[in-house]
K.L.:
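Here it is: the structure, laid out below.
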Amino acid sequence: MQDQLNALVAEAQTNAHALAVRADFESFKARFVGPNGSLTQAMKGMGTLPKEQKPVVGKLINEAKQKLEAIFATCLAIIEEKEMAQRLGNPVDPSLASPDAPSGTRHPLAQMREEIVSIFRKIGFTIAEGSEVETEWHVFDALNTKPDHPARDLQDTYYFPDRDWVNVKAHADERYLLRTHTSSVQIRTLLAEKPPLRIISPGRCFRRDTVDATHSSNFHQVEGLYIDKKVTVKDLKAVLDYFFRELLGPDAKTRFRPHFFPYTEPSFEVDFHSAHLAKLGKQWVEIMGCGMVDPEVFKNVGYDPEQWSGFAFGMGIERIAMIVYGIDDIRYFYQNDLRFLRQF
Ligand code: DAH
């Protein structure tokens with residue numbers, strides 16, 4: 001009996017190597033442990049043995065069975081590995097990164113924002129944050145913008161119908177809205193910090209604009225604020241000239257035109273000129289607003305306008321990115337078309 005079982009295990013051992021596919025393995029296994037398999041037959045034969053031989057033979061059969069199972073397990077593992085390799089196209093290391101995964105790029109508006117901010121950081125400006133949901137006081141009143149100003153019209157601006165759920169500190173009975181410009185950060189900074197101040201604040205703004213090639217109801221600005229003693233328009237012009245030279249090259253120039261903003265006096269619109277404009281067929285392009293902080297603004301936040309002076313400016317990130325990158329439609333920025341985004 002022992003010889004018979006040894007022969008059976010040896011047979012399994014030698015034939016196992018030849019198996020390549022699962023179907024072969026299954027019939028191979030059945031030859032030993034299937035209903036008519038040789039080991040099954042041996043087990044059935046035990047019934048006819050004399051009682052005293054049964055434990056000895058039973059032990060031998062069990063040992064043979066364990067050896068066979070070990071052979072089956074190794075054999076199956078090899079076949080499974082082969083199957084996997086075939087499915088994946090071998091040799092393969094599934095833990096490696098896919099070689100053709102495309103690398104992402106930053107959004108052109110994020111790139112432009114970072115470039116603008118880094119230019120100002122070089123001359124000591126730090127970043128200030130405001131909030132996109134604002135109170136009417138921060139967006140308008142504190143900035144000396146009178147109640148009859150058109151931007152305060154319900155039709156012009158996104159107001160919230162209910163103010164209880166918005167977590168922004170309010171003055172009594174005032175309305176909440178999505179900020180229409182980043183100038184509200186001037187107020188938040190003046191209230192939260194001590195002068196002298198030099199801040200730059202990039203962020204998202206909202207207006208009820210009909211969307212077209214140059215308008216979007218959701219856009220981005222960068223606000224600047226500089227507060228110290230004896231600040232003049234000369235300082236403002238020098239900072240903005242520096243900014244445009246850094247952004248557009250040494251030939252860039254600015255031109256100030258008198259304008260009106262409620263929160264600056266005097267106020268200016270800034271045009272710039274640079275080689276970049278040749279591709280747009282223009283000499284000067286209007287790019288931003290600025291001016292000297294109005295004494296009324298200082299009073300609204302508890303600063304003495306006799307003691308403190310400063311300048312502020314605000315620009316649209318989309319507008320600058322469109323000029324610098326030569327983009328003719330603002331909507332490209334928001335469509336998330338990879339053919340557009342991958343160019344930056
Ligand atoms: N808030 C203005 C706008 O949205 C831009 C602006 C103008 C900002 C003059 C300023 C400024 O800080 O002094 O069009």
Side-chain angles (χ1 to χ4, degrees), residues 113 116-117 120 125 127-132 134 136-146 149-153 156-158 177-191 195 197-209 214-228 231-240 243-244 254-272 285-298 300-301 303 305 308-320 322-323 330:
R113 180 194 65 215
I116 294 170
V117 164
F120 282 104
F125 283 73
I127 296 179
E129 279 187 75
S131 67
E132 292 172 4
E134 263 297 4
E136 218 177 354
W137 186 80
H138 286 90
V139 178
F140 298 126
D141 301 86
L143 286 162
N144 196 34
T145 305
K146 302 281 186 267
H149 193 281
R152 297 185 68 145
D153 195 318
D156 217 44
T157 304
Y158 294 107
L177 64 150
L178 293 176
R179 67 177 175 192
T180 57
H181 53 185
T182 45
S183 301
S184 51
V185 185
Q186 291 186 33
I187 301 304
R188 291 200 167 266
T189 308
L190 287 164
L191 290 173
L197 290 171
R198 247 183 262 187
I199 59 110
I200 190 94
S201 185
R204 188 193 296 246
C205 307
F206 308 83
R207 281 182 204 175
R208 282 220 186 180
D209 264 329
T214 52
H215 294 87
S216 163
S217 50
N218 161 1
F219 57 99
H220 301 79
Q221 288 189 335
V222 175
E223 192 77 15
L225 179 67
Y226 185 112
I227 305 291
D228 208 331
V231 182
T232 68
V233 176
K234 226 164 132 183
D235 300 308
L236 168 59
K237 180 87 163 53
V239 164
L240 294 184
F243 168 70
F244 283 102
T254 65
R255 176 171 86 176
F256 281 26
R257 276 180 294 105
H259 198 73
F260 173 79
F261 295 105
Y263 30 92
T264 42
E265 182 56 37
S267 302
F268 308 97
E269 264 190 340
V270 182
D271 301 336
F272 79 96
V285 165
E286 188 252 302
I287 193 73
M288 65 197 287
C290 68
M292 305 306 292
V293 176
D294 194 296
E296 286 305 313
V297 174
F298 279 129
N300 290 338
V301 291
Y303 285 49
W308 296 105
S309 53
F311 60 78
F313 55 87
M315 61 188 119
I317 301 183
E318 278 83 347
R319 186 163 166 75
I320 295 191
M322 286 170 80
I323 291 166
I330 197 170

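Counting convention: from 1, in listed order, for ligands and their atoms alike.
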K.L.:
Picking from H149, H181, H138, what satisfies ring pair (Phe, Tyr, Trp, His ring centres under 6.0 Å) with Y263?
P.N.:
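With Y263 as partner, ring pair (Phe, Tyr, Trp, His ring centres under 6.0 Å) holds for just one option, H181.
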K.L.:
State which residues pass side chain to side chain contact (heavy atoms under 4.5 Å, CB included) with P305; sequence neighbours excluded, sorted by chain then number.
P.N.:
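Counting only residues at least two positions away or on another chain, P305 forms a side chain to side chain contact (heavy atoms under 4.5 Å, CB included) with P295, F298, K299.
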K.L.:
Below 4.0 Å from any atom of ligand 1, which residues have a heavy atom? Give them in chain and number order, please.
P.N.:
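Contacting ligand 1 under 4.0 Å are H181, S183, Q186, R207, Q221, E223, F261, Y263, T264, G289, C290, G291, A312, F313, G314.
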K.L.:
Would you mind telling me which of F206, F140, Y158 makes a side chain to side chain contact (heavy atoms under 4.5 Å, CB included) with T180?
P.N.:
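With T180 as partner, side chain to side chain contact (heavy atoms under 4.5 Å, CB included) holds for just one option, F140.
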K.L.:
Are any non-hydrogen side-chain atoms of D271 and E286 less than 4.5 angstrom apart?
P.N.:
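Yes - at least one pair of side-chain heavy atoms lies under 4.5 Å apart.
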K.L.:
Tell me every residue that passes salt bridge (charged side-chain N to carboxylate O under 4.0 Å, His left out) with R152, counting only those two or more places apart in sequence or in another chain.
P.N.:
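If we apply the salt bridge (charged side-chain N to carboxylate O under 4.0 Å, His left out) test to R152, skipping adjacent residues, the hits are E136, D141.
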K.L.:
Output all residues satisfying salt bridge (charged side-chain N to carboxylate O under 4.0 Å, His left out) with E129, sequence neighbours left out; order by chain, then residue number.
P.N.:
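For E129, no residue satisfies salt bridge (charged side-chain N to carboxylate O under 4.0 Å, His left out) once neighbours in sequence are set aside.
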